[in-house]
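Read through the structure below, which is laid out as structure tokens, and then see the notes.
The residues of the chain are indexed from 1 along the displayed sequence. Small disclaimer: the values here were computed from a predicted structure and weren't measured.
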Amino acid sequence: MRDRVVIVGAGPAGLAAAAACAEAGLPLTVIAPQPATPWRPTYGAWIDELSGLGLDEALAHRWGRPEVRFDDAEPIALERGYAVFDNARLQGLLTSRAARAGARTVVGAAAAVSHDAHGSVVRLAGGGDVPAGVVIDASGHRPALLRGGVGAAPAWQVAYGIIAQIEPALLAPGEMWLMDWRSGPLRDRGAPAVPTFAYAMDFGGGRTFVEETSLAARPAVRLEAVHRRLQARLDGLGVRVTGTPWVERVRFPMGGPLPPRSQRVVGFGAAAGMVHPATGFQVATALARAPALARAL
């Protein structure tokens with residue numbers, strides 16, 4: 001049996017595409033080596049980008065006026081709401097929508113794809129074939145099947161973050177720093193030459209998320225350097241982490257060449273270069289554009 005659509009990848013982009021395509025009535029299979037593995041990255045979005053998508057229950061935290069901070073200047077409050085997803089809720093919601101609409105899941109890694117006049121066949125690494133009318137590669141910035149483009153090397157976003165109890169409090173209740181570029185806490189502490197900023201949010205209950213971020217650099221800043229800079233920033237601000245923090249490590253390309261449109265595998269999400277080249281945002285775009293993908297198919 002040849003399903004009309006086979007999606008490779010079960011991250012936010014893959015499941016967004018799966019839910020939209022299945023709900024559009026397309027026979028669908030999702031291929032992923034570990035489809036139920038919890039998503040670790042912190043996914044944020046501007047609230048207005050999520051309007052009409054029915055995902056309010058998947059938002060964990062919201063801030064009405066996130067701030068940007070610089071040296072020797074008053075904080076700039078942005079009049080645009082920001083939110084962070086509850087990954088488990090978002091993953092569960094998209095998985096349930098796809099399954100209720102008839103999508104099936106094949107556990108395995110896509111190793112190769114071949115095409116003929118009738119469609120395509122995805123070959124699994126452990127053996128077995130999955131026939132398809134159309135193959136969508138939504139497996140991330142190291143795509144399983146999609147051929148990458150040729151051109152200038154991408155820049156890289158690199159970040160090291162923690163969720164922890166911080167004493168004294170780094171943020172006021174309900175406060176968020178979208179970007180804190182202040183260099184004062186970092187002076188004379190051996191910080192890397194490439195500028196970095198702190199991305200910090202009050203999660204309530206005494207928990208703070210703070211992440212030192214190199215927004216886009218070519219070549220990439222070393223993760224160890226960003227980690228040291230986070231510690232230097234916290235030391236310079238006179239705060240300390242108590243207990244054992246939850247740790248996030250981030251490294252992904254931004255602004256590289258787009259995949260060739262002549263190939264028969266369709267890219268979606270980070271695999272297709274849908275990462276914003278200045279911010280690194282991608283999840284909200286994938287969620288918003290999945291219905292258009294389904295309509296086109």
Side-chain angles (χ1 to χ4, degrees), residues 5-21 30-35 37-46 49-50 53 55 58 83-85 87 90-91 94-95 98 109-111 113 122 134-161 199 211 213-221 223 248-261 263-294 296-297:
V5 179
V6 169
I7 296 174
V8 178
L15 288 187
C21 290
V30 175
I31 300 173
Q34 296 176 309
T37 298
W39 300 339
R40 276 189 62 83
T42 302
Y43 297 125
W46 299 108
E49 293 182 325
L50 306 174
L53 298 182
L55 296 172
V84 166
F85 285 103
N87 285 1
L90 180 61
Q91 186 176 18
L94 295 175
T95 300
V113 63
V122 177
V134 175
V135 176
I136 298 172
D137 193 334
S139 59
H141 67 264
R142 294 188 183 92
L145 303 176
L146 196 70
R147 288 187 289 109
V150 177
W156 290 82
Q157 184 167 131
V158 177
Y160 185 97
Y199 170 59
E211 186 165 85
T213 304
S214 168
L215 185 60
R218 184 189 294 115
V221 174
L223 183 64
E248 175 176 72
R249 298 172 178 85
V250 176
R251 189 179 188 275
F252 62 85
M254 296 168 56
L258 297 178
R261 295 178 64 183
Q263 59 190 310
R264 285 179 58 177
V265 174
V266 178
F268 192 68
M274 290 170 63
V275 176
H276 193 288
T279 66
F281 289 7
Q282 185 268 135
V283 172
T285 301
L287 292 168
R289 294 193 177 182
L293 171 69
L297 293 173

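No donor-acceptor pair closer than 3.5 Å links the side chain of E49 to the backbone N or O of T285. A donor-acceptor distance shorter than 3.5 angstrom exists from the side chain of E248 to the backbone of T42, with no hydrogens or angles considered. A donor-acceptor contact shorter than 3.5 Å links the side chain of D137 to the backbone of A144. A side-chain donor-acceptor contact under 3.5 Å links Q157 to the backbone of T279.
Of all the heavy atoms in V250 and E211, the pair that sits closest is CG2-OE2, 4.0 Å. Between A32 and G9, the closest heavy-atom pair is CB-C, 4.5 Å. When all heavy atoms of A110 and V122 are compared, the pair lying nearest together is CB-CG1, 3.7 Å. The heavy-atom pair separating P277 from G255 by the smallest distance is CB-CA, 4.1 Å. Scanning both residues, P259 and R147, for their nearest heavy atoms gives CB-O, 3.3 Å. Between P35 and A10, the closest heavy-atom pair is CA-CB, 4.1 Å.
Put simply, CD1 on I31 and CD1 on I136 are 11.5 Å apart, with the number rounded to the nearest 0.5 Å. Annotation: the span from R289 atom CZ to M274 atom CE amounts to 5.5 Å, rounded to 0.5 Å. If you take CD on Q263 and CG on L145, they are separated by 9.5 Å, rounding to the nearest 0.5 Å. Taken to the nearest 0.5 Å, the CG atom of L293 stands 4.5 Å off from the SG atom of C21. One distance of note links CG of L287 with CG of L94; it measures 6.0 Å at 0.5 Å rounding. From W39, atom CH2 reaches atom CG of L90 across 4.5 Å, with rounding to the nearest 0.5 Å.
For R264, the CZ atom is densely surrounded, since the number of other residues' heavy atoms within 6.0 Å is greater than 12.
Y43 is linked by a side chain to side chain donor-acceptor pair (under 3.5 Å) to nothing, counting only residues two or more places apart in sequence or in another chain.
Side chains of V150 and P257 form no contact here, defined as non-hydrogen atoms less than 4.5 Å apart. Using a 4.5 Å heavy-atom threshold, the side chains of F281 and V275 count as separate. Side-chain contact check for V6 versus V134: every heavy-atom pair is 4.5 Å or farther apart. Counting heavy atoms from C-beta on, the side chains of M254 and W156 never come closer than 4.5 Å.
Note on ring orientation: taking the six-membered ring where Trp is involved, the planes of F252 and H141 are tilted (angle from 30° to 60°).
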